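One structure is given here, and the rest of the page talks about it.
Numbers here simply count residues along the sequence, with the first being 1. This structure is a prediction, so every number in the text was calculated from the model and none was measured.
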Amino acid sequence: MSEQKRIFSDFLHGDILTEAIKNLLSDPADEVRCAVAFWGDGSYDLLKKCESHKTKIICNLQTGGTNPLVIEKLIEEGFSVRQYDTLHAKVYIAEEAIVGSANASINGLGLQGKEQAGWLEAGAFVPVEQAKEWFDMLWAKARPIKDQDIEKAKITFQARKNRRPTRLVPICAFEDENYPLLEWYIDIEADNDLEKIKDFLGISLESAQEKLEKAMEVYGKKDREIKPYTWVLRYKLNEKKEICTDTMPEWECMGGMDYIVKNAREENGKWVDLMFPVDDTPPVPFTVTPEFSEKFFRLLNNREYKYISGDVPKKSSFFNEKRVRLINKFWKEILKT
């Protein structure tokens with residue numbers, strides 16, 4: 001490691017950040033600590049000069065951004081690895097400490113290796129003793145990784161990989177007709193269990209209140225089967241259940257079953273489950289422009305698609321077979337024009 005002195009918050013970006021991280025881990029004299037959310041192809045090479053018995057790693061294994069085969073290999077090679085489900089930080093610690101946006105050869109989007117090239121990263125040197133203290137606190141809370149955790153992560157990782165964004169295809173190309181869902185919402189007063197949401201997601205009350213604006217109500221089996229990292233384009237209805245054409249649709253990337261908080265909202269004397277978006281949102285499929293919104297609302301107001309903006313059928317899922325079929329037809333038509 002270079003003997004060059006650093007001051008607090010030396011700014012790093014692009015290739016400078018990459019080289020700083022590599023340099024930090026190239027010949028560490030001290031114990032290495034990495035609290036880095038997502039690990040993918042190339043991660044092992046990053047640590048090849050680190051002594052495994054002197055290296056501790058905390059990762060986010062269960063949300064689909066980490067390749068479990070990489071973690072499996074690190075454990076086999078003797079590295080100490082634990083998991084923390086809400087970790088989104090990227091902190092590299094040896095003689096110095098770097099906090100940044102760069103994951104270990106993966107950027108939390110399901111992209112690995114060369115697919116990651118081109119993303120602009122930034123970071124900074126931070127006081128190493130403070131970073132070590134924070135890491136040790138997190139290490140004490142993190143869970144060991146068992147064989148069943150690896151197997152579960154393989155399923156989640158593959159599901160996310162199948163939906164991962166790529167810049168090798170046009171932004172409006174949805175592979176295998178894997179179209180986003182459409183969901184409407186209405187501004188209403190509801191009794192939400194913020195404490196339950198806060199505890200489940202591991203966030204503050206203030207963050208829980210903010211996330212409620214992006215949550216999706218869950219009713220039946222089909223709703224619960226929504227896969228992790230499913231894109232939903234949400235649009236607003238007014239109190240008369242009419243489409244609000246003056247409010248542009250917004251993208252949300254839903255977290256699937258693992259992001260469902262049960263009995264989180266009370267409506268009309270009944271408790272409803274809520275599904276929340278993922279924390280590490282990938283780039284949106286495409287930017288919603290005023291021109292697209294105009295076309296979107298015009299087509300959605302056609303009589304043929306009225307059912308999409310209709311109520312939830314009794315004892316059924318919101319995303320039942322009929323609604324999903326119409327949503328897919330809607331996307332085929334709007335992408336042709």
Task: Qualifying ring pair (Phe, Tyr, Trp, His ring centres under 6.0 Å) pairs with a residue from residues 289-312, counting only residues at least two apart or across chains - done: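 Qualifying pairs: Tyr235-Phe296, Phe286-Phe292, Phe292-Phe296, Phe296-Phe330, Tyr305-Phe330.
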Rounded distance (nearest 0.5 Å) linking atom [atom1] of [X] with atom [atom2] of [Y]:
{"X": "Lys295", "Y": "Leu299", "atom1": "NZ", "atom2": "CG", "result": "9.0 Å"}
{"X": "Glu31", "Y": "Cys50", "atom1": "CD", "atom2": "SG", "result": "11.0 Å"}
{"X": "Asn67", "Y": "Lys73", "atom1": "CG", "atom2": "NZ", "result": "11.0 Å"}
{"X": "Ile75", "Y": "Phe79", "atom1": "CD1", "atom2": "CZ", "result": "11.5 Å"}
{"X": "Lys196", "Y": "Leu201", "atom1": "NZ", "atom2": "CG", "result": "12.5 Å"}
{"X": "Asp193", "Y": "Lys198", "atom1": "CG", "atom2": "NZ", "result": "10.5 Å"}

Do [X] and [Y] make a side-chain contact, defined as non-hydrogen atoms from C-beta onward lying under 4.5 Å apart?
{"X": "Trp39", "Y": "Cys34", "answer": "yes"}
{"X": "Asp149", "Y": "Leu61", "answer": "yes"}
{"X": "Pro228", "Y": "Val278", "answer": "no"}
{"X": "Pro285", "Y": "Trp251", "answer": "yes"}
{"X": "Leu233", "Y": "Glu250", "answer": "no"}
{"X": "Val36", "Y": "Val91", "answer": "no"}
{"X": "Glu266", "Y": "Asn192", "answer": "no"}
{"X": "Ile98", "Y": "Ile93", "answer": "no"}

Could you check whether any side-chain N or O of [X] sits under 3.5 Å from a backbone N or O of [Y], counting only pairs where one atom can act as donor and the other as acceptor?
{"X": "Thr55", "Y": "Val32", "value": "no"}
{"X": "Asp223", "Y": "Phe319", "value": "yes"}
{"X": "Glu72", "Y": "Ile150", "value": "no"}
{"X": "Lys90", "Y": "His88", "value": "yes"}
{"X": "Trp331", "Y": "Pro180", "value": "yes"}
{"X": "Trp184", "Y": "Gly310", "value": "yes"}
{"X": "Asn302", "Y": "Glu304", "value": "no"}
{"X": "Ser52", "Y": "Glu77", "value": "yes"}
{"X": "Asp136", "Y": "Glu133", "value": "no"}
{"X": "Thr230", "Y": "Lys227", "value": "yes"}

**Prompt:** Checking side chain to side chain contact (heavy atoms under 4.5 Å, CB included) for the pair Thr247/Ser293: CA distance, chi angles, key distance, verdict?
**Reply:** CA-CA 9 Å; Thr247 302; Ser293 294; over 6 Å; no
Check: Salt-bridged, Glu151 to Lys154, with N to O below 4.0 Å?
Finding: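 Yes.
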salt_bridge(Asp30, Lys132) N-O dist < 4.0 Å: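 Yes.
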Identify which one of Ile203, Ile197, Leu194 satisfies the side chain to side chain contact (heavy atoms under 4.5 Å, CB included) criterion when paired with Gln209.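 With Gln209 as partner, Ile203, Ile197, Leu194 yield a single side chain to side chain contact (heavy atoms under 4.5 Å, CB included), made by Leu194.
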Test of understanding: clusters of I, L, V, M, F, W, Y form through side-chain heavy atoms closer than 4.5 Å, transitively. Do [X] and [Y] belong to the same one?
{"X": "Phe125", "Y": "Leu46", "value": "yes"}
{"X": "Met254", "Y": "Val324", "value": "yes"}
{"X": "Leu274", "Y": "Met257", "value": "no"}

Review point. Can you tell me if Ser207 and Ser204 form a side-chain donor-acceptor pair at under 3.5 Å?
Key: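 Present: a donor and an acceptor within the cut-off.
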query: Just checking, is any N or O donor in the side chain of Gln62 or Asp258 under 3.5 Å from an acceptor N or O on the other one?
result: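 No - no donor-acceptor pair under 3.5 Å links their side chains.
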Does atom [atom1] ([X]) have a neighbourhood of more than 12 heavy atoms from anything else shown, all under 6.0 Å?
{"X": "Glu206", "atom1": "CD", "result": "no"}
{"X": "Glu76", "atom1": "CD", "result": "yes"}
{"X": "Asp147", "atom1": "CG", "result": "no"}
{"X": "Lys56", "atom1": "NZ", "result": "yes"}

- [ ] Could you walk me through whether Ser309 and Leu300 pass the side chain to side chain contact (heavy atoms under 4.5 Å, CB included) test, one step at a time?
- [x] CA-CA 8 Å; Ser309 301; Leu300 197 58; 4.2 Å; yes
Looking at every non-hydrogen atom in both residues, tell me the closest pair between [X] and [Y] and how far apart they are.
{"X": "Pro249", "Y": "Val288", "answer": "O-CG1, 3.8 Å"}
{"X": "Phe276", "Y": "Val261", "answer": "CE1-CG2, 3.6 Å"}
{"X": "Leu87", "Y": "Asn60", "answer": "O-ND2, 2.9 Å"}
{"X": "Lys49", "Y": "Leu25", "answer": "CB-O, 4.1 Å"}
{"X": "Cys253", "Y": "Tyr229", "answer": "SG-CA, 3.5 Å"}
{"X": "Asp273", "Y": "Lys262", "answer": "OD1-CA, 3.2 Å"}

**Report entry** Partners meeting side-chain contact (heavy atoms from CB on, under 4.5 Å) with Asn301 (sequence neighbours left out)
**Finding:**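 Only Ile243, Thr245, Lys306 meet the side-chain contact (heavy atoms from CB on, under 4.5 Å) criterion with Asn301.
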Using the test side-chain hydrogen bond (donor to acceptor under 3.5 Å, both in side chains), find all partners of [X] that sit at least two apart in sequence or belong to another chain.
{"X": "Lys236", "value": "Asp187"}
{"X": "Glu183", "value": "Arg234"}
{"X": "Glu242", "value": "Asn238"}

Report task. Under the side chain to side chain contact (heavy atoms under 4.5 Å, CB included) rule, what do Val312 and Asn320 come out as? Steps first, then yes or no, please. Result -> CA-CA 9 Å; Val312 184; Asn320 55 44; over 6 Å; no
For Phe318, is the NZ or CZ atom of Arg323 found under 6.0 angstrom from the centre of its six-membered ring and inside 45 degrees of the ring axis?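 Judged by the rule, Arg323 and Phe318 form a cation-pi pair.
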Only pairs under 3.5 Å count here: list side-chain donor-acceptor contacts from residues 213-222, not counting sequence neighbours, and write none if there are none.
unit_1, atom_1, unit_2, atom_2, d
Glu217, OE1, Tyr219, OH, 2.2
Glu217, OE2, Arg265, NH1, 3.0

